[in-house]
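What follows is a short report on a single structure.
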Protein chains: 2
Amino acid sequence: MEPKKAGVGKRPGDRPRRAGRAAKSSRQQPRATQADKPARAKPAASPLALGDLSQLLGYSLRRAQLWVFREFGRQLSAFDISPAQFSVLCVIDANPGVNQLAIAQLLSIERAGLGRLVDHLEGRGLVRRTASAINRRYYVLYLTDEGTALLGRIRPAAAESDKRLAAKIGPHAYRELRRALSVFLQET
Amino acid sequence: MEPKKAGVGKRPGDRPRRAGRAAKSSRQQPRATQADKPARAKPAASPLALGDLSQLLGYSLRRAQLWVFREFGRQLSAFDISPAQFSVLCVIDANPGVNQLAIAQLLSIERAGLGRLVDHLEGRGLVRRTASAINRRYYVLYLTDEGTALLGRIRPAAAESDKRLAAKIGPHAYRELRRALSVFLQET
DNA sequence: TATTGTTATACTCTATAACTATA
DNA sequence: TATAGTTATAGAGTATAACAATA
């Protein structure tokens with residue numbers, strides 16, 4: 001939060017650049033010998049091209065997901081909750097008494113990280129952790145009344161976020177997208 | 001890489017849990033008073049439900065993107081390159097002489113992070129950084145011959161990754177997806 | 001004064017390994 | 001021996017602020 005001291009700043013100027021700070025890769029070519037080619041340098045003031053990326057569906061997916069998370073995060077910020085925390089609340093709500101490992105597997109996240117996440121939710125009084133009477137290795141998770149109430153207030157925000165996505169890409173594309181991506185919901 | 005010492009391990013058992021290590025949230029309720037409800041605890045051996053998440057397109061998008069990145073990362077691991085590094089190589093290839101700020105804006109990543117990323121690519125001899133003769137604040141970036149060659153070898157791997165996505169969701173859904181997501185390519 | 005690129009810093013995720021208690 | 005949960009740790013990625021050089 002409080003920056004102590006700042007960098008010293010370097011610029012493209014005359015002095016040669018060092019390699020990356022990690023120096024995990026060697027640098028072979030001496031810099032000066034080939035620094036004399038900017039004659040054909042076009043400063044790219046014209047619209048930039050994405051190159052192969054524009055043909056790669058994975059890249060479109062990534063951009064779309066970033067947009068959605070930014071939008072959704074904006075909605076969630078009023079509740080001081082992250083998308084990941086929201087997803088865990090949803091799963092506990094839909095499966096009262098679920099244990100942590102089952103959540104981790106369903107959401108494809110790591111046990112270790114999930115433990116800390118649930119720590120946080122429990123600390124905020126949204127989730128109740130109970131030792132299972134049947135198998136004492138398990139925690140058994142429930143939403144508290146406060147957790148249920150919060151989820152109820154978040155639900156409209158989540159729906160609103162989805163609506164903005166639909167507005168951005170159009171209702172037809174939205175329906176197609178939902179159908180095309182449904183595969184990723186019903187498996188590991 | 002080398003773990004010094006490991007955790008001490010805790011279990012759901014009898015002793016009360018502490019709050020999260022950060023303790024940024026208080027814990028109000030005493031644990032023992034409400035630990036007596038596991039009578040109706042169903043250990044959730046039945047298939048779990050995603051709850052609201054299954055209706056949230058943003059979640060499907062996230063899962064799809066994770067799948068694609070895992071797949072693509074597997075392809076790229078042979079070249080010791082990350083998806084982010086690959087995207088920068090693509091942009092430099094498509095726009096020789098581009099500067100770093102333009103790349104950062106096009107890909108929606110931060111200048112600071114991009115600097116280190118380019119450091120790494122330059123250290124590996126894939127990218128050449130030249131001070132612009134026109135505006136000495138600029139770096140002017142080109143692929144080296146080695147960078148061009150590497151990109152040429154990666155291209156089929158990227159195409160293969162896309163093909164696997166098409167195989168997973170089906171060719172029709174693939175085409176719909178491409179159309180539905182094209183919006184996210186042509187803007188900031 | 002604004003812009004490009006840098007460094008430093010902090011925070012969040014993620015991934016892995018080791019450990020305890022339980023089964 | 002295997003499993004649920006934990007801790008410690010390291011590595012990425014991200015975000016921000018301050019700085020030098022240049023415009």
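The basis for the numbers below is simple: all heavy atoms, side chains too, and nothing from hydrogens, waters or symmetry mates. In this text the structure is predicted, and so the values were computed from the model without any measurement.
A:Ala112 comes within contact range of at least one nucleobase, with a heavy-atom separation under 4.0 Å.
Between B:Arg70 atom CZ and C:dC13 atom C1' the separation is 15 Å, expressed in whole Å. Look at CD1 on B:Ile134: it is 15 Å from C1' on D:dT22, rounded to the nearest Å. To the nearest angstrom, P of D:dA15 lies 12 Å from CZ of A:Arg74. In this structure, CG of B:Leu76 is placed 15 Å from P of D:dA12, rounded to the nearest angstrom. Between A:Leu117 atom CG and D:dT7 atom C1' the separation is 16 Å, expressed in whole Å. What separates CG of A:Leu114 from C1' of C:dC13 is a distance of 13 Å, to the nearest Å. A straight line from CG of B:Leu66 to C1' of D:dA12 spans 15 Å, rounded to a whole angstrom. Remark: P of D:dT3 and CD1 of A:Ile103 are 19 Å apart, rounded to the nearest angstrom.
Taking only side-chain atoms of B:Arg62, from C-beta outward, the nucleotide of C:dT14, C:dT4, D:dG5 with the closest atom is C:dT14. The side chain of A:Arg116 approaches C:dT14 more closely than any other nucleotide in the set C:dT22, C:dG5, C:dT14. Of the candidates C:dT22, D:dG5, D:dA15, D:dA15 carries the atom nearest the B:Glu110 side chain, counting heavy atoms from C-beta on. The nucleotide whose nearest atom lies closest to any side-chain atom of B:Gln100 is, among C:dC13, D:dT7, C:dT6, C:dT6. Among the nucleotides C:dT6, D:dA4, C:dA23, the one closest to any side-chain atom of B:Tyr139 is C:dT6. Taking every side-chain heavy atom of B:Arg137 into account, D:dA21 is the closest of C:dG5, C:dT16, D:dA21.
A salt bridge links B:Arg179 with A:Glu176: the closest approach of a Lys/Arg side-chain nitrogen to an acidic carboxylate oxygen falls below 4.0 angstrom.
Residues B:Phe184 and A:Ile169 form a side-chain contact, since some pair of their non-hydrogen atoms from C-beta on lies under 4.5 Å apart.
Distances shown here put a side-chain N or O of B:Asn99 below 4.0 Å from the OP1 or OP2 atom of C:dG5. Between D:dT22 and B:Arg136, a contact under 4.0 Å exists linking OP1 or OP2 to a side-chain N or O. Side-chain N/O atoms of A:Arg129 include one lying less than 4.0 angstrom from OP1 or OP2 on D:dT6. Listed pair B:Tyr138 / C:dT4 meets the phosphate criterion, a side-chain N or O lying under 4.0 Å from OP1 or OP2.
A donor-acceptor contact shorter than 3.5 Å links the side chain of B:Arg178 to the backbone of A:Gln55.
For the pair A:Arg111 and A:Pro83, nearest-nucleotide mapping onto DNA chain C gives the more 5' position to A:Pro83.
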Between side-chain atoms of residues 71-81 of chain A and protein atoms elsewhere (two or more places apart, or another chain), which donor-acceptor pairs fall under 3.5 Å?
residue : atom : partner  : partner atom : Å
A:Glu71 : OE1  : A:Arg74  : NH2          : 3.4
A:Glu71 : OE2  : A:Arg164 : NH1          : 2.7
A:Ser77 : OG   : A:Arg74  : O            : 2.8

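In this view, B:Arg111 satisfies the salt bridge (Lys or Arg N to Asp or Glu O under 4.0 Å) rule with no residue, not counting sequence neighbours.
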